Every structure is written in C-alpha cells, then in structure tokens.
Amino acid sequence: MRKRTTTKQLQQAITKNLLHIAKVEVYYKTSRKTETIDTDKFKENLDFLCESGIFSDFVDWHYEKDLSGNDGYIAESGAMNLYSENVVTVYLRKNDSITDEEIQEALLFEESEE
C-alpha cells in the first residue's frame, strides 16, 4: 500500500543510512520514455531540493515496500500528479541492520492537526 512521505524524510532516511539508493528512473509522460539517472546526481539534486525551504514541500512523494523480493522500497513522485510531466522512481535497498519498522518510522508522513 502506497503511503505519503516528504522530500525531507526521504533525504534523511538516505543520509542516515537507513536506505541506500539502488537505482533512479525518470519517466516522461508525453514521450513515454524512461531514462536512468545517476544515483549520486539524484542524491545531489535531492539535497538541493531540501535546501530550497518551503518549495521542497511542493513535491509529492509516495513510497511502498518493493514486492519483487529485493527487501527494499520504492519511492515515487509525479505519478499521481496530473500536472507533472515527469515521474521519478527511486529504488531503495534497506541496510542490513535496519528493520521495516524503522523505515516506516522514518518515512511515514503524518499530518498534524494544527
């Protein structure tokens, strides 16, 4: 089941070595082409986006457990946004000593009632 997360939570899970970036793809909706992005370049762009302050919250991220047996997660942005031309898919591997509960705690976005 897909769950919401934020740019900052995704970045922190990667920075704190809970998750490792295995592969990143960008799918272009109009041309229906998929391009593989260098993982270091993605991390650099993700860090830059987090530094943009309030604008990092404009990017909708969803994640789910990877059911292909890789013991990882898939984070995606743009697929559920009708106005987005691109879909970014990040394939993440869980580090060996990390539990699924720790990943859920790090990634799950819970709205505050303020």
Side-chain angles (χ1 to χ4, degrees):
M1 178 177 173
R2 295 173 65 113
K3 299 175 184 165
R4 288 185 60 203
T5 192
T6 66
T7 303
K8 183 79 171 166
Q9 286 174 286
L10 180 60
Q11 185 229 21
Q12 289 297 309
I14 294 167
T15 301
K16 292 179 180 178
N17 292 319
L18 300 175
L19 294 166
H20 171 75
I21 304 168
K23 182 178 174 182
V24 180
E25 294 178 336
V26 177
Y27 173 74
Y28 301 95
K29 293 178 183 177
T30 303
S31 68
R32 296 184 175 191
K33 295 190 187 232
T34 302
E35 176 183 351
T36 301
I37 303 297
D38 179 71
T39 57
D40 291 332
K41 184 69 172 170
F42 170 77
K43 177 69 169 89
E44 182 181 307
N45 281 278
L46 184 66
D47 291 342
F48 184 78
L49 180 59
C50 282
E51 292 174 13
S52 70
I54 62 167
F55 293 105
S56 67
D57 294 333
F58 282 87
V59 179
D60 290 330
W61 287 98
H62 295 85
Y63 73 96
E64 63 187 345
K65 187 144 175 68
D66 185 353
L67 299 177
S68 66
N70 294 335
D71 199 30
Y73 288 81
I74 298 172
E76 199 168 63
S77 179
M80 301 178 89
N81 183 341
L82 297 174
Y83 302 105
S84 175
E85 164 58 21
N86 304 334
V87 177
V88 177
T89 305
V90 185
Y91 298 90
L92 302 155
R93 278 196 312 262
K94 185 173 66 163
N95 282 329
D96 291 337
S97 62
I98 304 301
T99 65
D100 286 327
E101 290 77 24
E102 289 173 295
I103 300 298
Q104 292 296 324
E105 186 178 306
L107 289 179
L108 185 60
F109 173 74
E110 295 187 33
E111 293 186 49
S112 62
E113 295 184 20
E114 295 178 18

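Bear in mind that the values here come from a model prediction, so they are computed numbers and not experimental data.
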Looking at Asn81 and Tyr83, would you say the former's side chain and the latter's main chain have a donor-acceptor pair under 3.5 Å? yes
Side chain of Ser77, backbone of Val59: donor and acceptor closer than 3.5 Å?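 Here the side-chain-to-backbone pair does not exist.
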Atom of Asn17, atom of Ile98 and distance for their closest heavy-atom approach: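 Looking at all heavy atoms of both residues, the shortest contact is O-CG1, 4.3 Å.
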Ala13 to Ala106 - nearest heavy-atom pair and separation: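 Closest pair (atom of Ala13, atom of Ala106, distance): CB-CB, 4.4 Å.
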Transitive ILVMFWY cluster of [X] at side-chain heavy atoms under 4.5 Å: who else is in it?
X	value
Tyr91	Ile74
Tyr27	Val87
Phe58	Ile54, Phe55

Should [X] and [Y] count as side-chain neighbours, where that means a heavy-atom distance under 4.5 Å?
X	Y	value
Thr7	Asp57	no
Lys8	Phe109	no
Val90	Trp61	yes
Leu19	Leu107	yes
Val88	Phe42	yes

Stepwise, does the side chain to side chain contact (heavy atoms under 4.5 Å, CB included) test hold for Leu92 with Ile21? CA-CA 5 Å; Leu92 302 155; Ile21 304 168; 4.0 Å; yes
For Glu85, is the CD atom crowded, meaning more than 12 foreign heavy atoms sit under 6.0 Å from it?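 More than 12 heavy atoms, drawn from other residues, nucleotides or ligands, come within 6.0 Å of this atom.
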Enclosure of Lys29 NZ (heavy-atom neighbours >12, cutoff 6.0 Å):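 Count over threshold, so yes.
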Just verifying a value: how many Å separate [X] [atom1] and [Y] [atom2], rounded to the nearest 0.5 Å?
X	Y	atom1	atom2	result
Asp47	Glu51	CG	CD	6.5 Å
Leu108	Gln9	CG	CD	7.5 Å
Leu46	Ser56	CG	OG	9.5 Å
Lys23	Thr39	NZ	OG1	12.0 Å
Leu10	Leu18	CG	CG	11.0 Å

Sequence neighbours left out, what passes side chain to side chain contact (heavy atoms under 4.5 Å, CB included) with [X]? Give chain and number order.
X	answer
Arg2	His62, Glu64, Glu76, Met80
Asp100	Lys65, Tyr73, Lys94
Asn45	Lys41

With no hydrogens and no angle check, just 3.5 Å: does a side-chain donor-acceptor pair link Lys43 and Thr15? yes
As a quick check of understanding, evaluate salt bridge (charged side-chain N to carboxylate O under 4.0 Å, His left out) for Glu35 and Lys33, giving each step before the final call. CA-CA 7 Å; Glu35 176 183 351; Lys33 295 190 187 232; over 6 Å; no
